[in-house]
Amino acid sequence: MAKAGFVTSITRQSEDFPAWYNDVVRKAELADYSPVRGCMIIRPYGYAIWESMRDELDRHIKRTGHQNVYFPLFVPRSLLEKEAEHVEGFNPQVAWVTHAGGEELNEWLAIRPTSETLIAEVVKDWIQSYRDLPLLMNLWNNVVRWELRTRLFLRTTEFLWQEAHTFHATEQEAVDEVATGLEAYRSVAEDWLAIPVIKGRKTENEKFPGAVYTLAVEALMRDGKALQAGTSHMLGQNFARAANIEFLDRDNERKNPHGTSWGFSTRMVGATIMAHGDDSGLVLPPNVAPVQVVIVPIFRSDEDRTAVAGAIKPLEAALRDSRRTLPDGRTEPVRFQVDWREETPGFKYNHWELRGVPFRLEVGPRDVAAEQGMLVKRIDRSKEPVPLDRLAAELPDRLDAYQREIFGRAVAFRDDNTHRIDEYDDFKRVLDEQPGFVLAPWCGDSACEKQISTDTGATIRIVPLDQSDEPGACLRDGRPSRQPALFARAY
RNA sequence: CGGGGCGUGGCGCAACGGUAGCGCACGUGCUUUGGGAGUACGAGGUUGCGGGUUCGAAUCCCGCCGCCCCGACCA
């Protein structure tokens, strides 16, 4: 029972979702504020979650033929300004280094907001022939975007991410690559983080500055707001032309290669929190959870303590030898921790629930006598006695089932909160009364899109891919619509 | 950048002209431990910074700096 005013109590979601989010991030010790406005300290538990999704995505990136590289933090002003639409899009958000070595610099250096221009400048020397293509690179790095308003993980001035940059001989190859990047994000979101996403195409207003088009995966948070979970850009020949990258093709013609770039950031830690968390705190998908099962010993006397320790010991050994099979076929042992701290059991239950650990095993004198432990599931606190000698063998399946269960729960939530609307009045009412995704016909005009956003606060997140043509009349101005767009209020 | 609020031990607050106190957290001992333990003792603050008024400033005045909330950009 959580006492009001207890130091680690958190705001209820229904009371104030943003406050709930902040409480979870701070009290589960995922992150702290930093001395620099808008920047965050990622603490060990939060960083472990990031590392898990980072490593999973890195495997996808490598499996699809990309190699990791590193490019510098600084981008000379002249380079950043080479692609006109790109400069215009990023200028307001760029942080500049104007002084160094005690002197003003001849040329200012941008702290990279993203690396397209720098990469284009460098790879022009690497690309001479169609034989040098495709060039498939990926960077894991930090970038800085001077945001007016920041939120831990979701939007920080500096953030960690991955940016893939590729160059191709043909347009079709680049188009396919954009889809490859998007599919990697879908897989990490759905199969690893248990967050269902919808693939789609950004509107002209929302696409990446300098891109031909932008694809994205979009997820729904538990407060009914949308969150972009990864973007993949078709750059066409825009940056290649600006940097004058040319290669000699099979037909002995000089051509500009077709580029793509795609990115996935620490924002996804925030998405994981907001897609699954509840009033007790985090709910982590087993694939990501730094601790998948926590063992809480319960004892009164020294004799009890010794008996419990004795009963746990063989279990610990068995868990170290356990093998859980991951989506890509790899196996790894169940991640567990025994909490021997000098705290009461109740304190520890709350502590680990706040941190989203999928299973807790309580082992007390009564259990030792029965050679069992009480296994408690985080999402519903259901309790089940499990023989200690079977636990290590059973946990991998239980973790798999748990992973499936929270994904299924998130899919059901998303579906329950996706509305098909045709009339503008209904649209406004639904957004206010039951926030979520709204599929509605849209004429495709940018000015109309902006007006809808001004009127309602909702934006077009994407025009979903994988949907067949569905002619209709634009919900705002009645002009013809080929396919419905996905609207939502968004982070 | 415009509007509003706030800066006091790690966190949350009180003291509002007489030199700083409470709760939680923290340390040690004892008793405890199946849903956020009890008790005793203890440690911790040049009150955001600078200036002014005053015999005396956390408190009043001026100027900075920073933070939070609300509106215009964004993974």
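A note on names: the letters A, B, ... follow the listed sequences, proteins ahead of strands, and every chain is numbered from 1.
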What is the nucleic acid contact for [X], judged by heavy atoms within less than 4.0 Å: base, sugar-phosphate only, or nothing?
X        : result
A/Arg305 : nothing
A/Thr156 : base
A/Gln228 : sugar-phosphate
A/Leu227 : nothing
A/Gly364 : base

What is the base-pairing partner of [N], counting Watson-Crick and G-U wobble geometry with both distances under 3.5 Å?
N     : result
B/A20 : none
B/G42 : B/C26
B/A37 : B/U31
B/G71 : B/C1
B/U53 : none
B/G48 : B/C64

Centroid-centroid distance, [X] to [Y], less than 6.0 Å:
X        : Y        : value
A/Trp108 : A/His99  : no
A/Tyr185 : A/Trp262 : yes
A/Phe239 : A/His86  : yes

Rounded to whole Å, how long is the line connecting atom [atom1] of [X] with atom [atom2] of [N]?
X        : N     : atom1 : atom2 : result
A/Glu343 : B/A37 : CD    : P     : 8 Å
A/Tyr33  : B/G66 : OH    : P     : 17 Å
A/Ile41  : B/G10 : CD1   : P     : 17 Å
A/Lys450 : B/A72 : NZ    : P     : 14 Å
A/Glu29  : B/G10 : CD    : P     : 17 Å
A/Trp140 : B/A75 : CH2   : P     : 18 Å
A/Lys207 : B/A75 : NZ    : P     : 14 Å
A/Asn205 : B/C73 : CG    : P     : 11 Å

Task: Separation between the P atoms of B/C55 and B/G23, rounded to whole Å - done: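 Result for the P pair: 38 Å, nearest Å.
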TODO: Look at the side chain of A/Ser265 and the base of B/A75, then say whether one donor and one acceptor between them are separated by less than 3.5 Å.
DONE: yes
Task: N/O donor-acceptor pair, side chain A/Glu353 with base B/G35, under 3.5 angstrom - done: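 Answer is yes: a donor-acceptor pair is held.
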Taking the side chain of [X] as its heavy atoms from C-beta onward, which of [options] lies nearest to it?
X        : options             : answer
A/Gln93  : B/U32, B/C73, B/G35 : B/C73
A/Val376 : B/G34, B/A75, B/G35 : B/G35
A/Arg381 : B/G34, B/G35, B/A75 : B/G35
A/Lys383 : B/G34, B/G36, B/G35 : B/G35
A/Pro345 : B/G34, B/A75, B/A37 : B/G34
A/Arg360 : B/G34, B/G35, B/A75 : B/G35

Open item on the list: Taking the basic N atoms (NZ, or NE/NH1/NH2) and the acidic carboxylate oxygens, is any pair closer than 4.0 Å for A/Glu218 and A/Lys202?
Closed with: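 Salt bridge between A/Glu218 and A/Lys202, a charged N being under 4.0 Å from a carboxylate O: yes.
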TODO: Kindly confirm whether the side-chain ring of A/Tyr349 is stacked on the base of B/G36, judged by centres under 5.5 Å and planes under 30°.
DONE: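 No, A/Tyr349 does not stack on the base of B/G36, since the centre distance and plane angle fail the 5.5 Å and 30° test.
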Task: A/Glu163 side chain vs A/Ser115 backbone, donor-acceptor pair below 3.5 Å - done: yes
Task: Residue among A/Trp352, A/Phe336, A/Tyr402 satisfying ring-ring contact (aromatic ring centres under 6.0 Å, His included) with A/Phe359 - done: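 Result: among A/Trp352, A/Phe336, A/Tyr402, A/Tyr402 is the only option passing the ring-ring contact (aromatic ring centres under 6.0 Å, His included) with A/Phe359.
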- [ ] Could you check A/Gly263 against A/Glu342 and say which one's nearest nucleotide on RNA chain B is further toward the 5' end?
- [x] A/Glu342
- [ ] Select from A/Thr150 and A/Thr157 the residue whose nearest nucleotide in RNA chain B is closer to the 5' end of that strand.
- [x] A/Thr150
Task: Separation between CG of A/Leu118 and NE2 of A/His165, rounded to the nearest 0.5 Å - done: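 With rounding to 0.5 Å, CG (A/Leu118) is 9.0 Å from NE2 (A/His165).
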